[in-house]
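Residue numbers begin at 1 in each chain, while the letters A, B, ... track the order of the sequences.
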Amino acid sequence: MNEKAFLIDVDLFKETIRLILKSEKGRVFRLFDKNFKPYFYFKGEIENLKERGVFEKTEKLLGFNKIDVWKVFFKNPQELKRERSFFESKGTVFEADIPFIYRYLIDKKLTPTGMVEVEYEGNEVKEIKTIEDETAFNPNILCFDIETYNEKGTSNPSKDPCLMISYAGRVKGKKIEGVLTYKNFKKDFVTVFENEKQMIEGFAELLKKNKIDIIAGYYSDVFDLPYLAERSKVLGVKTPFGRDKSKIKLSKGVKKTAKITGRVHVDVFKVISFLNAIGSVKLHRLTLENASTELVGFKKKMIIKKNIFELWNETDDTLVEYCLDDSKACLELLDFVMPLEVELSKISGTLLFDASRNAASNFVESILMRESFEKNTLIPPIPKDESFKERYSNPIQGAFVKMPNPGIYENIAVLDFKSLYPSIIISYNIDPSTLNLECEDFFISPQGHKFCKTKKGLIPTALENLVNARNKFKKEMKKFELETFEYKSLFARQWALKIIANAVYGYMVYPRSRFYCRECGESITAIARKSISEAMSLAEKNGFTVLYVDTDSLFLKFNQGEESKVEEFRKLVNKTLPEKMELELEDFYERGIFVSKKQGVAGAKKKYALINKKGVVKIRGFELVRRDWSKIARETQRKVLETLLKKGDLNEAVAEVKRTIKLLKEEKAELQDLEIHSTITKSLKNYEVLSPEVSAALKAEKKGLKIEPGSSVGFIITKKGKSISEKAELSEFAKDYDADYYINNQVLPAVLKILGELGIKKEDLLNDSKQKTFGDWN
DNA sequence: CACTGTGGCCGTGGTC
DNA sequence: GACCACGGCCAC
């Protein structure tokens, strides 16, 4: 048999590679590749080792040097693992730390979630290869959410029942949605079972009947699936969730994941946190409500979590409606991230299950491992703990940031180097293998590290492929309308490529990297510092004032109406740069504000506000972009900044602040506007100082709430207590607020930094009497 | 295991 | 009151 199919998943079944495939017509089938055996490379004498494996002589590259090695095959991954240390005592072992499934994907050059052509007999693979095919991957998808009984605060899966399971998805392109429960809700989307056990079995049946390929939840790795797994165990649920009749498989260890064989489980929360961490999306809180509102404009029904058990005992339909909305919100988010995840999986060669849980480093690592295989180069090992510690304790010097002079300026041009670090890596061929290589022609970095020019390194090659592909897709993208399928899929491709390309530099200096190269990292940043400072000097020579510089961007003050001179300068810089490096114009701004640091008169770095000719405001670093400031302080600061930038009206700005202070004083402010957000990053007992958020969290734990490391809390400074920490209470428990704190520690510091530049004093803002006139500042 | 890097600001609580 | 460490979040 010969068939074209999507490679949905690969796993191990009794030590054999098992492939889950979906044909173009939608038939899902599994195949085994029994002929593929695990192996590693060995450099050393094998005279006394003949019994310990199957040996094959082969040639590999170590950097650019050819070496003869033995390829040693084993019956299964366990045997390889057992034998590894023995071989290590007899010589050098290479590539023994590559997971078997990835060994298979790399060697067969397979791209998960992409199309393959497979020849098979019975259920055994004869031959398999990746093929280029533009057919869209249309899996059957289902998002789900559960509600659990929680009379004692947090639900306990060994005692508290699961009350309902909602779902929303698409099967063969058709929408499905509903709620499974065992109480007599009268809504038409509800299916009522006799009891909890039958409800869970009904859900498993639903997955089977609809041939679900992708199952998704929000926080489902940590909450929903472990909960269902435990309830299934307690109740003796027989119906399997997996396509091979298996149960939900939970990972041990710290990083919790839940697997369902034959279906790819995506925890949308993990995807959203990843996108938030790398700055692809910007969310203040990662809750389902916030993510769905901010990212896809879906406002779901809200209830207070602690009241779920009360709602269950009510007679109305609030709880089922709420539960269904959670699944619908999850589906909206899944639709938003799925095209990207599919591309990340295809481009990096990682399974969709892994891709949706990966950090940026995993994508880069996977690409570089595949590139190594392509070039017949040995893949470096994951560093041992000592070398990790050594690397970790020796950070490299980073970027240059110029201190601005505080003040308000007009006519500002912002220029920046396009993809600075990637373009340096490619232009200067920066790679561990080109470093200090015997070579005719080389480039010497500012620190004196030599990089060969003539032999192209692995990382520059892989990076250039990524950059070229991205440029190609970006170009093609412009041919299509925004809402078309083509546009969306090209957008996802270039987005995935951008994410990976941007992480390559970081991966080279990441202490746990296989391809770590300190000299490479410090050369890249040194070249970057040199490039920007040369551009600065040239700017000054050409009559511009350099207002500010950060890493790759240049803020120039130019004379009214002389935009063309900026353009001339830009071209002049580009002439001095290597081909792949480019200084671009970001925008011209009419006005901009820089402020001084809190302490002293020095200008604050990484804090500025700009307004362009269309009136679009760009604000960086100010309190108003920080989630650990209250909304009332942030919004007041925003109004002050925008009033100054747009209208130049100081009196209006002052009046705005006075209004806010009055509101606070009269205690008419909304508590939700006073909430301060912060992340509890570690176990509460491990904190050395009792900060307000930790203090509030500790008090909440005494009231029965559980606060896990990594969770975000919102707190309010109340009236009760002496220190700020004593006054801090989580929002759900706060009844009042300390007006003085919000005036003196939130609103005033936020606005005074800006208004202070214009001569306004604290007293001018606090003084309730008739307002002085400050006059226009420009 | 932990989840790309360095540069930077600043509130809070602690020390003296 | 001066000073500093801790810790969080942000710019790039």
**Asked** Are A:Tyr421 and A:Thr525 side-chain neighbours, meaning at least one heavy-atom pair lies under 4.5 Å?
**Response**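 Yes. Closest side-chain heavy atoms under 4.5 Å.
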Can you identify which nucleotide, out of [options], has its nearest atom closest to the [X] side chain?
{"X": "A:Val509", "options": "C:dG7, B:dG5, B:dC3", "answer": "B:dG5"}
{"X": "A:Asp552", "options": "C:dC12, B:dG13, B:dC10", "answer": "C:dC12"}
{"X": "A:Trp629", "options": "B:dG5, C:dG7, B:dG11", "answer": "B:dG11"}
{"X": "A:Ala359", "options": "C:dA11, B:dT4, B:dC1", "answer": "B:dT4"}
{"X": "A:Lys598", "options": "C:dG8, B:dC10, B:dG5", "answer": "B:dC10"}
{"X": "A:Lys282", "options": "B:dT4, B:dG11, C:dA11", "answer": "C:dA11"}

**Message:** Parallel, tilted or perpendicular: which one describes the rings of A:Phe515 and A:Tyr507, with boundaries at 30° and 60°?
**Reply:**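 The arrangement is tilted - the two ring planes meet at 30° to 60°.
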**Request:** Classify the ring geometry between A:Tyr608 and A:Phe594 as parallel (under 30°), tilted (30 to 60°) or perpendicular (over 60°).
**Result:** tilted
Once you round it to whole Å, what is the distance between [atom2] of [N] and [atom1] of [X]?
{"X": "A:Phe388", "N": "B:dG5", "atom1": "CZ", "atom2": "P", "value": "8 Å"}
{"X": "A:Phe363", "N": "B:dG5", "atom1": "CZ", "atom2": "P", "value": "16 Å"}
{"X": "A:Leu690", "N": "C:dC6", "atom1": "CG", "atom2": "P", "value": "16 Å"}
{"X": "A:Ile717", "N": "B:dT12", "atom1": "CD1", "atom2": "P", "value": "7 Å"}
{"X": "A:Phe594", "N": "B:dC9", "atom1": "CZ", "atom2": "P", "value": "14 Å"}
{"X": "A:Glu693", "N": "C:dG8", "atom1": "CD", "atom2": "P", "value": "6 Å"}
{"X": "A:Arg620", "N": "C:dC12", "atom1": "CZ", "atom2": "P", "value": "6 Å"}
{"X": "A:Lys606", "N": "C:dC9", "atom1": "NZ", "atom2": "P", "value": "18 Å"}

**Message:** For a quick check, tell me whether the side chain of A:Arg626 and the base of C:dC10 share a donor-acceptor pair closer than 3.5 Å.
**Reply:** no
Need one value for [X]: base, sugar-phosphate or nothing, where a base atom within 4.0 Å counts as base even if backbone is also close, heavy atoms only.
{"X": "A:Thr525", "answer": "nothing"}
{"X": "A:Ile396", "answer": "sugar-phosphate"}
{"X": "A:Gly506", "answer": "base"}
{"X": "A:Val364", "answer": "nothing"}
{"X": "A:Tyr741", "answer": "sugar-phosphate"}
{"X": "A:Tyr687", "answer": "sugar-phosphate"}
{"X": "A:Ser513", "answer": "nothing"}
{"X": "A:Pro511", "answer": "sugar-phosphate"}
{"X": "A:Tyr608", "answer": "sugar-phosphate"}
{"X": "A:Arg512", "answer": "base"}
{"X": "A:Ala399", "answer": "sugar-phosphate"}
{"X": "A:Lys682", "answer": "sugar-phosphate"}
{"X": "A:Asn502", "answer": "nothing"}
{"X": "A:Lys727", "answer": "nothing"}

Is the phosphate of [N], meaning OP1 or OP2, less than 4.0 Å from a side-chain N or O of [X]?
{"X": "A:Lys607", "N": "B:dC10", "value": "yes"}
{"X": "A:Thr551", "N": "C:dA11", "value": "no"}
{"X": "A:Lys605", "N": "B:dG8", "value": "yes"}
{"X": "A:Lys597", "N": "B:dG8", "value": "no"}
{"X": "A:Thr681", "N": "C:dG8", "value": "yes"}
{"X": "A:Ser678", "N": "C:dG8", "value": "no"}

**Item:** C1'-based separation of C:dA11 from B:dT4 [nearest Å]
**Value:**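 It works out to 15 Å between them.
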**Request:** Determine the interatomic distance between C1' on C:dC10 and the same-named atom on B:dC1; round to the nearest Å.
**Result:**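 It comes out at 27 Å once rounded to the nearest Å.
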**Message:** With a 4.0 Å cut-off on N to O distance, would you call A:Glu623 and A:Arg634 a salt bridge?
**Reply:** no
**Message:** Which residue in the set A:Ser419, A:Pro422, A:Ser427 passes side-chain contact (heavy atoms from CB on, under 4.5 Å) when paired with A:Lys580?
**Reply:** A:Ser427
**Asked** Between A:Lys618 and A:Tyr589, is NZ or CZ placed under 6.0 angstrom from the six-membered ring centre and within 45° of the ring axis?
**Response** no
**Request:** Validate the cation-pi geometry between A:Arg620 and A:Phe622: distance from NZ or CZ to the six-membered ring centre under 6.0 Å, angle to the ring axis within 45°.
**Result:** no
**Message:** Please tell me whether A:Phe388 and A:Tyr392 form a close aromatic pair, meaning their ring centres lie under 6.0 Å apart.
**Reply:**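 So the answer is yes for these two rings.
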**Item:** Pair A:Phe269 and A:Tyr218, ring centroids less than 6.0 Å apart
**Value:**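 Judged by ring-centre distance (under 6.0 Å), A:Phe269 and A:Tyr218 do meet the cut-off.
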**Asked** Would A:Lys605 and A:Asp550 satisfy salt bridge (Lys or Arg N to Asp or Glu O under 4.0 Å), going step by step from the backbone distance to the final call?
**Response** CA-CA 8 Å; A:Lys605 299 169 177 180; A:Asp550 186 349; over 6 Å; no
**Request:** Rounded to 10°, tell me the angle between the two end axes of the helix from B:dG5-C:dC12 to B:dC16-C:dG1, each built from five pairs.
**Result:** 10°
